[in-house]
Each structure stands twice: as C-alpha cells, then as structure tokens.
Q: 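Sharing a structure, written as structure tokens. Questions coming.
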Amino acid sequence: MAYTRITAAEGAAMIKDQENIGLSGFTPNGCAKAVFRELSKKAIAEHEAGRPFQVGILTGASTSQSIEGDMAAAQAIKFRAPFSTNRDFRNHTNLGEIDYEDMHLGHMAERLRRGFYGDIDWAIIEVSDLEEGESLCKAYLTSAGGIVPTIARLAKHVIIEKNAFHSPNSRFLHDIYEIGSCPFREPIPISHVGDRIGKEYVEIDPKKIVGVVECNIPEEARAFKPLDPITTQMGHNVAEFLVNDLKKGHIPPQFLPLQSGVGTTSNAVLEALGQDPHVPVFDVYTEVVQDAVVKYMLEGRINNASCSSLTVTNDTLQEVYSNIDYFKKHITIRQSEISNSPEVIRRLGVIAMNTAIECDIYGNENSSHICGSKLMNGIGGSCDYERNGYISIFTTQSTTKDGKISAIVPMCSHVDSTEHDVDVIVTEQGVADLRGKGPLRRAQEIIENCAHPDYRPLLRDYLKLAGNGHEPQSMRAALAFHDTFLKKGDMRLTNFGEYL
C-alpha cells in the first residue's frame, strides 16, 4: 500500500479547531517537526480572519519552540499535558491563557488509554523509516519513544513525518512495548537495564494514515551551559556521597543503575561519577540520555543505558547513528511508561537524582513553581523516580540571583516531592543525608550542610521561633523569605519580627 505524500501545510490544513493532537517525542528530540511549523501559521491566519482556532497538545514530555512555544505565542493551545520547559509556553500559561496539567510522565499513556483527555483526533509521528503494508504499517521511530504506541492506536487519524535527518539505523535502538490493561496486567519483564522485551517498530493501522510528510529537519537540540565551579562542586558532592555509601555497604558492590534528570547539574553529576575511579562501571536507567552518558559509554565507564529519549546534541546523535553496531548493544529507547515505571524502578534499585528549585528545612522539595504561583517548568518524571528510587537525591544551587534568593527556605512555596520521598539534598555547600532522621534532625542537617552561610543564621532563627511540635512551623513566618523577596528583592533582608 502506497501512502499519500502530502506537504506539511496540507497536513496542518486537515486539523480543525478544538481537536486533540498526540505527538511523538520526549523532550524536543523525536518530536514531529514539520506540520506544527505550519499549524502555528494557520492559527495566526485563522485568528486574523476572526475565526477561533485552538488545539489540545498531548505528548510524552516537553517538546520544542516550534510546537508549544510558537503555538502558545499564537494563542492556539486550549489544553496541554504533561510537561513543558518552554519560555513562551510558560509566559502564556502564567498569564492564564493555557489550561495546563503538570502530570507525572509515567502516567501519561495510561491516562490516555482511560480516556481522561477525551478523544485523540490526530497522532503526528516522526519516523526514520516506514514499511508500508495492506494490513499493517511498521513505523521506525527516531530518537525517542514517548507515548507513540498508545497514540497510534487511539488516534482517529495519523500523519507520518519521515525525517531524513535521522538514520534508518535508529530502529536498532528501540524496544517498543505497550503495557496491558488493568486489572489483570502482566508484570513488565525487565530485570536488567539492557533487557529487550518488545519490537523495533510501532504497529499502525494503515487505514488511519492520511498522509506522509517528507522532511529533513534537525533536532531542536539544547546545548547545556558549560560546567562552572558551582555545578562541578555539586557533582563532586554527589559522587563522594555515593562512594561513601558504597564503602558502607548501603549500595551493593556492583553498584546500582542511575537516573539523572535533564540539565547542566545532571551532566555535572554524571561527569563526576564517570571520572571517579572509586565508582564501578555502572548502568543508567533513566528518562533521558545526555551527552555525558554517550561520552562515558565510549570510554567504558557506563555499560548499558535505558531511556525514553536521546536528548543529546545533533553531533552526538549522529555519532550514535554512525557507530550503531556498538550503541545498539548498549542503548535502549523505551516508552515513557516503561522508562518511568515504578515497578521497574523499584525492582532495579535505581538511584534517582533530580534538580530542585528550592527545598525547605524539613526536606520538602519544589521543582516547578516560583514563589508558589508562577510556573517555571513542570515535575516531569522526577517524582516517578524519587518516590520509587533506592536512594532519592535532589540537587540545587544554594543561592541564585547573586545571593538574593536562597534555595533552602523555611517552607517551600509549592511542594512537588514531600519530605517522605526525599532522602538526600545536595548543594555546592555540602550534603544533607536525611535518612533515618526525624524533622528536627533533618532541619539541622539541611541548614548546616546545604544552606549558604549568608542564610544559616536566619534559618536557625526561624527554627527557634517556630516553637514546639513534631515539625515546628510558624504559620505567619513560614513564607517570610518569599514575601521579603517579593517586597524588597532580597531574601537576606528578612526580619522575622515583622511576621510575628
């Protein structure tokens, strides 16, 4: 069966106001890129003509500027889930223009299957290759797994973007597997990081495919900031902590798989672990593989890596494709409900490492909102790992904005991971090991080891004035740091007397 070749503009023209679109990809990598560049233009033209045009966007994780950024700027998003890191999207969401559900990434496919988001009118899927058949289409994905099998099965219509930027060799990295339905779901049969349990391709009903868009568009890859003394120190602090746990026997001698979130700090941690001779060769079971993982895999310091996306620079991605005979033995790209499965994370004993915006003195963590109200990003998959990890670690720089903001506060202005799920907090100042400690001991550990010296006296004062109780809090003064910053622009000017 030969599918109709269409242009990206022709694909965009088929999509109607108020329809829901499911997308391939996980982070900007693996996302369909061509049709949405035309869809934002269509939205602008429709609005200029006085006609409404908005769509729902459902994805595996964050996407890219050409998807949620440009669509947000065009005021063309009616609903979005489950995650975003885009500046334009953030700005328009904070203006109240977009209905956004910040959702655990590991839950997304299941929520789609259960119909929580209504009908999926369209699936737009990026592929590196396509095998056309009368009864079955085999679609070979590019650099991410995401939620593709689920949206391909549920969608009323499918548009394929065949992107020549990606080598057909990408097929050898994929393990396509969609879990069964409740209540008689079988266990996910993964007991080692490198286990393959599915197929190399996504099965799509040919009758759903309305057209194939041929393109050659690079990933909108994000090159992270180079390491600086602060991120480097945080990386060394994490490595030193894990080596000490290894020596104490808390971590098995063969070590355990690591999960690391996206960003400069996460790369710094992986750099430190890769360079530390006391850390055995290790595996990675995570959402995203970044450049540091590929680097240390080539050097033999990392053995296997399982992920839902190769969130790497385009140069690194092409290096993987060019050395596919090596990397297909060591890298596996899965669906997000597998990469983020609590069952598998707990079984493998994954050590979870993620980044916080702020942590409070009792160990609660905020990774998504500024001063309680303004969206920064979303929780992504951090809670999938933190709540189920063998050890749950959060890293954060102790201060930002030239010291005007402390990342260690009396009470988080928004909570994503509670104190019950946070084992360790790490800043460039040091490490707070919260395991086996009650609230007051946790507070002392965090203040003395993680807070910046400029803020330690203020945090000690707060702990004294909070009074008695299992977890003492002053309801009037708990958010004084944030209130002072909003009023005066510097948390260091906090005077708790004003709040009593």
Q: Would you check, one step at a time, whether the test salt bridge (charged side-chain N to carboxylate O under 4.0 Å, His left out) holds for Lys41 with Glu38?
A: CA-CA 5 Å; Lys41 297 176 187 176; Glu38 298 298 327; 3.5 Å; yes
Q: Using only heavy-atom distances, determine whether the side chains of Ser417 and Glu386 contain a donor-acceptor pair under 3.5 Å.
A: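 Their side chains do not contain a donor-acceptor pair, so the 3.5 Å distance test is not met.
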Q: For Gln335 and Leu141, work out which heavy atoms get closest and say how close.
A: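 In terms of heavy atoms, the two residues are closest at NE2-CD1, 4.5 Å.
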Q: So does Ile379 get a backbone contact from the side chain of Asp102, meaning a donor-acceptor N/O pair under 3.5 Å?
A: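 Present.
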Q: Going by the angle between their ring planes, with limits at 30° and 60°, are Phe89 and Tyr100 parallel, tilted or perpendicular?
A: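 Rings of Phe89 and Tyr100: perpendicular, as their planes differ by over 60°.
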Q: Looking only at side chains, do Thr332 and Asp175 share a donor and an acceptor under 3.5 Å apart?
A: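 There is no such pair (donor and acceptor under 3.5 Å, judged by atom type) between the side chains of Thr332 and Asp175.
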Q: We want to know whether Asn354 and Gln259 form a side-chain donor-acceptor pair, criterion being a heavy-atom distance below 3.5 angstrom.
A: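 A donor-acceptor contact under 3.5 Å links the two side chains.
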Q: Might you work through the salt bridge (charged side-chain N to carboxylate O under 4.0 Å, His left out) test for Lys33 and Glu161, ending with a clear yes or no?
A: CA-CA 8 Å; Lys33 302 167 179 65; Glu161 291 189 5; over 6 Å; no
Q: Can Asn237 and Gln233 be counted as having a side-chain donor-acceptor contact under 3.5 angstrom?
A: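 Side chains of Asn237 and Gln233: pair found under 3.5 Å.
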Q: Would you tell me whether Ser306 and Arg334 have side-chain atoms, one donor and one acceptor, within less than 3.5 Å of each other?
A: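 Distance-only check passes for Ser306 and Arg334.
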Q: Would you please classify the geometry between the Tyr321 ring and the His166 ring as parallel, tilted or perpendicular, with 30° and 60° separating the classes?
A: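 It falls in the perpendicular class, over 60°.
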Q: Would you compute the distance between atom CG of Asn304 and atom OH of Tyr285 and round it to the nearest 0.5 angstrom?
A: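 Answer for the CG-OH pair, Asn304 versus Tyr285, is 12.5 Å.
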Q: Should Phe172 and Ser167 count as side-chain neighbours, where that means a heavy-atom distance under 4.5 Å?
A: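 In short, these two side chains do not touch, never coming nearer than 4.5 Å.
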Q: Would you indicate whether the side-chain heavy atoms of Cys307 and Ile333 approach each other to under 4.5 Å?
A: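 In short, these two side chains touch, coming nearer than 4.5 Å.
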Q: Applying side chain to side chain donor-acceptor pair (under 3.5 Å), run through Thr396 and Glu358 and close with a yes or a no.
A: CA-CA 7 Å; Thr396 182; Glu358 63 182 3; over 6 Å; no
Q: Do Phe282 and Ile302 come within less than 4.5 Å of each other through their side chains, counting heavy atoms only?
A: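 Sidechains of Ile302 and Phe282: in contact.
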Q: Would you say Ser398 and Glu428 are linked by a side-chain donor-acceptor pair, where the criterion is simply a distance under 3.5 Å?
A: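 Yes, side-chain donor-acceptor contact under 3.5 Å.
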Q: Looking at side-chain heavy atoms only, is the closest gap between Phe327 and Val294 below 4.5 Å?
A: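 Phe327 vs Val294: side chains touch.
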Q: Write down the atom of Ser64, the atom of Glu220, and the distance for their closest heavy-atom approach.
A: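 So the two residues come closest at CB-OE1, 3.3 Å.
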Q: Please check if any side-chain donor atom of Ser336 sits under 3.5 Å from a side-chain acceptor atom of Glu287, or the reverse.
A: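 No, no side-chain donor-acceptor pair sits under 3.5 Å.
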Q: Would you say that Asn449 contacts Val431 through its side chain, given a criterion of any heavy-atom pair below 4.5 Å between the two side chains?
A: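 Sidechains of Val431 and Asn449: no contact.
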Q: Measure across Gly300 and Val281 and return the closest heavy-atom pair with its distance rounded to 0.1 Å.
A: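 It is O-CG2, 3.4 Å.
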Q: Looking only at atom types and distance, does a side-chain atom of Arg301 sit under 3.5 Å from a main-chain N or O of Lys295, one as donor and one as acceptor?
A: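 Pair absent, no side-chain N/O of Arg301 close to backbone of Lys295.
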Q: As an exercise, state the distance from CD of Gln429 to CE of Met234, rounded to the nearest 0.5 Å.
A: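 Those atoms lie 10.5 Å apart.
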Q: Classify the angle between the aromatic ring planes of Tyr326 and His330 as parallel (below 30°), tilted (30 to 60°) or perpendicular (above 60°).
A: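 Correct class here is tilted.
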Q: Side chains of Ser309 and Asn29: any donor to acceptor distance under 3.5 Å?
A: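 Not at all, the side chains of Asn29 and Ser309 share no donor-acceptor pair under 3.5 Å.
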Q: Supply the atom-to-atom distance Lys401 NZ to Lys404 NZ, rounded to the nearest 0.5 angstrom.
A: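 Between Lys401 NZ and Lys404 NZ, I get 9.0 Å after rounding to 0.5 Å.
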Q: When rounded to the nearest 0.5 angstrom, what distance separates CD in Glu419 from SG in Cys412?
A: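 Taking CD in Glu419 and SG in Cys412, the distance rounds to 10.5 Å.
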Q: Are Glu68 and Leu23 side-chain neighbours, meaning at least one heavy-atom pair lies under 4.5 Å?
A: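 SC-SC contact between Glu68 and Leu23 ruled out.
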Q: Are a donor atom and an acceptor atom from the side chains of Ser24 and Glu126 found within less than 3.5 Å of each other?
A: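 Per modelled atom types, Ser24 and Glu126 side chains form no pair under 3.5 Å.
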Q: Mind listing the closest non-hydrogen atom pair of Leu58 and Met108 along with its distance?
A: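 Reported closest heavy-atom pair: CD2-CE, 3.8 Å.
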Q: How about Ser392 and Arg387: does a side-chain donor come under 3.5 Å of a side-chain acceptor?
A: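 Checked: Ser392/Arg387 side chains show no N/O donor-acceptor pair below 3.5 Å.
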Q: With a 4.5 Å heavy-atom cut-off, do Val426 and Met353 have their side chains touching?
A: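 No, too far: nothing below the 4.5 Å cut-off.
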Q: Is a side-chain donor-acceptor pair under 3.5 Å present for Gln65 with Asp70?
A: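 Yes, because at least one side-chain N or O of Asp70 sits under 3.5 Å from a partner of the opposite role on Gln65.
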Q: Could you measure the distance from the NZ atom of Lys329 to the CG atom of Asn303? Nearest 0.5 Å is fine.
A: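 So the NZ of Lys329 and the CG of Asn303 are separated by 12.0 Å.
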Q: To the nearest 0.5 Å, how far apart are CZ in Phe165 and CD in Glu219?
A: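 Reported value, rounded in 0.5 Å steps: 6.5 Å.
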Q: Quick one: closest heavy-atom pair of Leu270 and Ala292, and the distance?
A: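 That would be CB-CB, 4.0 Å.
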Q: Would you indicate whether the side-chain heavy atoms of Ser413 and Asn366 approach each other to under 4.5 Å?
A: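 Answer yes - side chains close enough.
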Q: Taking all non-hydrogen atoms of both residues, which atom of Ile176 and which atom of Pro149 are closest, and how far apart?
A: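 For Ile176 versus Pro149, the nearest heavy atoms are CG2-CG, 3.6 Å.
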Q: Test your reading of the model: is there a side-chain donor-acceptor pair from Lys328 to the backbone of Arg171, 3.5 Å cut-off?
A: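 No; zero donor-acceptor contacts below 3.5 Å.
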Q: One pair to check against salt bridge (charged side-chain N to carboxylate O under 4.0 Å, His left out): Glu110 and Arg185. What are the steps and the verdict?
A: CA-CA 12 Å; Glu110 181 75 0; Arg185 176 179 292 159; 2.8 Å; yes
